[in-house]
Amino acid sequence: MQEQYSPRDIESTAQTEWTRNEVFKVTETPDQNTFYCLSMFPYPSGKLHMGHVRNYTIGDVISRYHRMQGRNVLQPMGWDAFGMPAENAAMNNNVAPAKWTYDNIDYMRTQLKSLGLAMDWSREFATCTPQYYRWEQWLFTRLFEKGVIYRKNGTVNWDPIDQTVLANEQVIDGRGWRSGALIEKREIPMYYFRITDYAEELLTSLDGLTGWPEQVKTMQRNWIGKSVGMEVHFPYDQASIGENGKLKVFTTRPDTLMGVTYMAVAAEHPLATIAAKGNPQLQSFIDECKRGGVAEADIATQEKKGMPTSLFVEHPLTGEKLPVWVANYVLMTYGEGAVMAVPAHDERDFHFANQYGLPIKPVVRTSAGDETPEPWQDAYGEKGELINSEEFDGLDFASALEAIGEVLSQKDLGAPRTQYRLRDWGISRQRYWGCPIPIIHCDTCGDVPVPENQLPVILPEDVVPDGNGSPLARMPEFYECSCPTCGAPAKRETDTMDTFVESSWYFARYASPHFEQGMVDPAAANYWLPVDQYIGGIEHAILHLLYARFFHKLMRDEGLLDSDEPFKNLLTQGMVIAETYYRLAENGSKVWFNPADVQVERDAKGKIVAARLASDGQPVEIGGVEKMSKSKNNGVDPQSMIDQYGADTCRLFMMFASPPDMSLEWSDTGVEGAHRFLRRVWRLAHQHVTAGPTHKLDKTRLDDDQKAVRRAIHLAIRQASQDIGQNHKFNTAIAAIMTLMNVLEKAPQASNQDRALLQEGLEAVVLLLAPITPHISHGLWHALGHEDLAVQAQWPVLDESALVQDTLQLVIQVNGKLRGHIEVEAAATRETIEAIARANENVLRFTEGLTIRKVIVVPGKLVNIVAN
RNA sequence: GCCUCGAUGGCGGAAUUGGUAGACGCGGCGGAUUCAAAAUCCGUUUCUGGUGACAGAGUGGGAGUUCGAUUCUCCCUCGAGGCACCA
């Protein structure tokens, strides 16, 4: 055994042995407990960042722990390889997205392998290969035929200068990021998944996901946004609008129907279009509403504006004429694109009505009374007894709902309805680097799905996009084709799919990644699925996780697999953050410096007070701790950390610095601390091993000090087992192992018993660390005299008898304040404990002149004496 | 704007069902070793007062429940993630 800890040698030796023995390659072995551990696969952006390292280390620790429990553990890896960055890189460097992507994959694969992950690399795939996306196209055609996919118009960000559709990310302050042009909303035809058909199941089956964080389930519930209410129709006729019809709205507060004083419709609503004819002022307002991007955050924060139309609709109960307004706060995409406004009881309507001088009619008696003077109070929104509502006066919410519903349905002007906030999923993208949508447009036959025997529709890979729309739309060799139904010349769809589609089913493909007869091999899929543990960033809490759940149900309904949900347990990791440093340039912009190039100065207490750039010694500003990013130049390159300290140190630091679901602040000195700890483990093991082999421990003949050491060993085993296996709190597991190391380093090594005890302690340390720092554990396990591989060793077993104590220390409080400690027999009765506590010197001192009112004894914990 | 989460020493963080606030690590300070340095080891380290024993305060701010609150309830402030075409 080498005297010095040398991560470079140890890590390459360990990785070579794992590869040679194919220890991480798994098969569908019957009758073995399986564990499918999946970390969200990376987008191949160029090189690994710390977020990846964190994600894959967490997954690896969990995988290796379960391996040591004897389970058949599948941990696969692949590449979410379609996406916009490849097109941007292509434009900047004049390289085809395909080549850029494949090069990145090759580089990042090498980086991942250097982390020593327990991956079955034989299952690797990239989503941009036809072998993968052909099955996505196949499913698309099936779902299209079933009607689960349909075509309708959707609104996109249109850049009028570049003549292209932009992603929300590419719209900055209402302008295109490259052209600087003011963005407009534009309607184009797109394909949609009917995810709303699954809204109810997506909602209710959340209840069964007991292994998901409550936070994520709450977010998904709110996103789906089920509301029970009523559809109400406001009739209009030839005389008032020029045609007969009904303005439909959805409301959750039909009890306030008598308080409606106006109607508000979205700018895109058909009534707005009718009203704008011959009204240039209104037309220009509608045009103004169409300016700016489609992102909800922008629409919701913009100033609330509206304009009256000359149109009126009838109140369904009273027949009263209600003015129709166009308002920018009404979303065409939610509900019916129109709302009935009840300014007395809805905050947004209240502000709007006050702004434009519209009438406000209170119809509910709330805790604020019968009137609703300015300013708005939350009480105005309460439910209560109806007032000013004619025959409905005096009714409460439930009976008003029933009574009003009854009248509406008699008049055929409304009915109860359930509404979801969730919208159908539009998947058409006017981009090149994505999975082609397998549809052929024929003048006679319409939209025809590409027949199975003509799949896949292959994306040409030698194309360099130029930022002016999709190059596919300009490639006749791609889009010219004949109709599969009638054989006439036809045009292939040139849009590609949202990249969320690929990441919605990759977890299932890993079960049979090379299967050529179908999307998945049902036997393999049912063997591994659902995923036992899924790990990824909290930023995916809604969209990706909801789409993956939806796809799983689609695949189930296609008969491809049996389970209802894809991910049994979910762990959402926090971000990796780091300090930022900058200087103000002359033009006022900030120039950011990487933490690696900055030196900090501290005051007497160690608090950081200033920072200087190492190269010129001049001060820089401290900008605060933020998510690692290119823009703030505060990223730390994982590769340089691995090169300097080794993968084990990097892994140990990341797992120790904070619990996985919290953000992790990068600290160079923390990394050094982790490295220092591994050196200490190595040194103690080296010292122990060079002193020669040990005898067997005689557990029946331990003195008190030896019992204390053995207790420390098994406390660490208990703590680490709970923390890693159940709670996923790797930081406290490591703290427990560190505490054990502190004990072992101080323990005597003279006698045979002492040395045997140290052997037991070191074996525990090595195995408890094995999931976290697998390379050093691999080396030390051999050094401690074991022939088998540490990865195949069994997780340490807790010996409860080692934890038993004869006496316990209890805390004594007087009036809740700590006043002393007492040592009592473990078996002492409540009465004995109370008597000892009452006789305690400090208790007597602090209760002098007071009367003891009560004594609370918490067994094994404390005694609180209440006196006054 | 809406939904969700978070806030504890100089710093990262720890604290079973409400029961000793600050485990473990980092940083700081003092010391040992060394010709010197690195490395390593030992001690100390929430704040305030006190030489000290000790006392008081303290978990973002404010109220409340309780013998007892970092933990439960209400209000507020600040920060983070998401908002459907970033992945």
Side-chain angles (χ1 to χ4, degrees), chain A residues 40 42-43 45 80 83-85 154 156-157 165-171 213-216 218-219 221-223 225 293-302 304 329 333 348 421-431 498-500 503 537-544 546-547 572 574-575 577 600 602-609 624 626-627 653 656-659 661-674 676-677 679-680 683 729 731-732 734-739 742 745 809-813 815-818 820-821 853-856 858 861-862 864-867:
Chain A
M40 289 180 187
Y43 176 77
S45 54
D80 187 13
M84 239 176 22
V156 294
N157 303 307
V165 176
L166 296 184
N168 285 337
E169 186 194 53
Q170 299 170 314
V171 179
E214 212 49 55
Q215 169 195 7
V216 175
T218 306
M219 281 193 270
R221 283 190 191 103
N222 291 339
W223 184 262
V294 297
E296 192 188 309
D298 295 334
I299 293 167
T301 48
Q302 72 193 358
K304 307 281 173 288
Y329 70 85
T333 45
R348 225 168 25 180
R421 205 189 75 96
L422 182 70
R423 310 198 292 259
D424 276 342
W425 176 17
I427 55 110
S428 294
R429 298 291 180 270
Q430 300 68 47
R431 269 188 260 289
D498 181 0
T499 55
F500 270 125
S503 55
I538 183 69
E539 66 273 21
H540 295 294
I542 296 176
L543 292 179
H544 162 63
L546 189 67
Y547 293 148
T572 50
M575 293 176 309
I577 57 180
V600 296
R602 295 169 185 276
D603 66 8
K605 286 179 177 170
K607 187 177 184 175
I608 294 172
V609 289
E626 295 194 49
K627 179 176 175 170
F653 167 72
F656 181 58
S658 65
D661 53 349
M662 276 170 56
S663 62
L664 181 152
E665 185 177 335
W666 188 262
S667 152
D668 286 336
T669 51
V671 176
E672 282 167 29
R676 191 151 48 224
F677 174 72
R679 279 207 306 265
R680 277 171 56 199
R683 195 181 334 127
K729 289 251 192 179
N731 56 329
T732 49
I734 294 164
I737 301 167
M738 286 175 167
T739 307
N742 290 340
E745 281 177 326
Q809 200 181 51
L810 298 190
V811 162
I812 304 193
Q813 297 178 333
N815 288 334
K817 280 190 195 294
L818 176 68
H821 295 95
R853 303 285 174 197
K854 202 170 170 184
V855 178
I856 291 149
V858 182
K861 286 277 177 195
L862 57 70
N864 186 17
I865 293 166
V866 186

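When reading the values below, keep in mind they use all heavy atoms of this one structure, side chains included, and skip hydrogens, waters and symmetry mates. Keep in mind it's a predicted model, so treat the numbers as computed, not measured. To find a chain, count down the sequence lines: A is the first, B the second, and so on, and within it residues start at 1.
Closest to the side chain of N157(A), from the set rC85(B), rA14(B), rA87(B), is rC85(B). Among rG19(B), rC85(B), rC26(B), the nucleotide with an atom closest to any side-chain atom of S667(A) is rC26(B). Which of rG19(B), rC24(B), rA87(B) sits closest to the side chain of L862(A) comes down to rG19(B). When the nucleotides rA15(B), rG1(B), rC67(B) are ranked by their closest atom to the side chain of K729(A), rA15(B) comes out on top. Taking only side-chain atoms of R680(A), from C-beta outward, the nucleotide of rA84(B), rG25(B), rA14(B) with the closest atom is rG25(B). Checking rA14(B), rG81(B), rG19(B) against the side-chain heavy atoms of E539(A) singles out rG81(B) as nearest. For R679(A), the listed nucleotide lying nearest its side chain is rA39(B); candidates were rA39(B), rG25(B), rC85(B).
rG58(B) and rG22(B): their C1' atoms are spaced 11 Å apart (whole Å). Comparing the C1' positions of rU8(B) and rC3(B) gives an interatomic distance of 27 Å, to the nearest angstrom. Taking the C1' atoms as reference points, rA23(B) lies 16 Å from rU59(B), given to the whole Å. Using C1' as the reference atom, rC54(B) and rG60(B) are 31 Å apart when rounded to the nearest Å.
The partner of rC83(B) is rG1(B), by the rule that a Watson-Crick or G-U pair needs both atom distances under 3.5 Å. Summarising the base pairing, rG19(B) is matched to rC67(B) through a Watson-Crick or G-U wobble pair whose two defining distances lie under 3.5 Å. The partner of rU40(B) is rA32(B), by the rule that a Watson-Crick or G-U pair needs both atom distances under 3.5 Å. With a cut-off of 3.5 Å on both Watson-Crick or G-U wobble distances, the partner of rU77(B) is given as rA7(B). Nucleotide rG52(B) has no partner under the Watson-Crick or G-U criteria, as no pair reaches both atom distances under 3.5 Å.
For R853(A), no side-chain nitrogen or oxygen approaches OP1 or OP2 of rC67(B) to under 4.0 Å. In terms of phosphate contacts, N864(A) brings no side-chain nitrogen or oxygen within less than 4.0 Å of OP1 or OP2 of rU20(B). OP1 and OP2 of rC83(B) both lie 4.0 Å or more from every side-chain N or O belonging to N168(A). In terms of phosphate contacts, R423(A) brings no side-chain nitrogen or oxygen within less than 4.0 Å of OP1 or OP2 of rC83(B). A sub-4.0 Å separation between OP1 or OP2 of rG27(B) and a side-chain N or O of R676(A) is present. T499(A) has a side-chain polar atom (N or O) that falls below the 4.0 Å cut-off from OP1 or OP2 of rA87(B).
At the heavy-atom level, A657(A) lies under 4.0 Å from the strands shown only through sugar-phosphate atoms. Within 4.0 Å of A674(A), counting heavy atoms only, lies no atom of the nucleic acid at all. Residue contacts shown for Q813(A) include a base, since a base heavy atom lies under 4.0 Å away. Nucleic acid contact for V165(A): base, since at least one base atom lies under 4.0 Å from a heavy atom of the residue.
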Open item on the list: As a quick check of understanding, evaluate side-chain contact (heavy atoms from CB on, under 4.5 Å) for N815(A) and V866(A), giving each step before the final call.
Closed with: CA-CA 5 Å; N815(A) 288 334; V866(A) 186; 3.8 Å; yes
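With sequence neighbours left out, the ring pair (Phe, Tyr, Trp, His ring centres under 6.0 Å) criterion links Y547(A) to W425(A), F500(A).
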Every protein N/O lying under 3.5 Å from an N/O of nucleotides 56-58 of chain B:
unit_1  : atom_1 : unit_2  : atom_2 : d
rG56(B) : OP2    : R819(A) : NH1    : 3.3
rA57(B) : OP2    : K817(A) : NZ     : 3.1

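Base orientation at rG31(B) is anti, since its O4'-C1' glycosidic dihedral falls outside 90° of 0.
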- [ ] Could you encode protein contacts along nucleotides 2-8 of chain B as a string, one character per nucleotide from 5' to 3', using B for base contact, S for sugar-phosphate-only contact and - for no contact, with a heavy-atom cut-off of under 4.0 Å?
- [x] -SSS---
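Mapping P659(A) and N815(A) onto RNA chain B via the closest heavy atom, the residue that lands nearer the 5' end is P659(A).
For the pair D498(A) (side chain) and R429(A) (backbone), a donor-acceptor distance under 3.5 Å is absent. Between the side chain of D80(A) and the backbone N or O of S503(A) there is no donor-acceptor pair closer than 3.5 Å.
On a pure distance criterion of 3.5 Å, no polar donor-acceptor pair joins the side chain of Q170(A) and the base of rC86(B).
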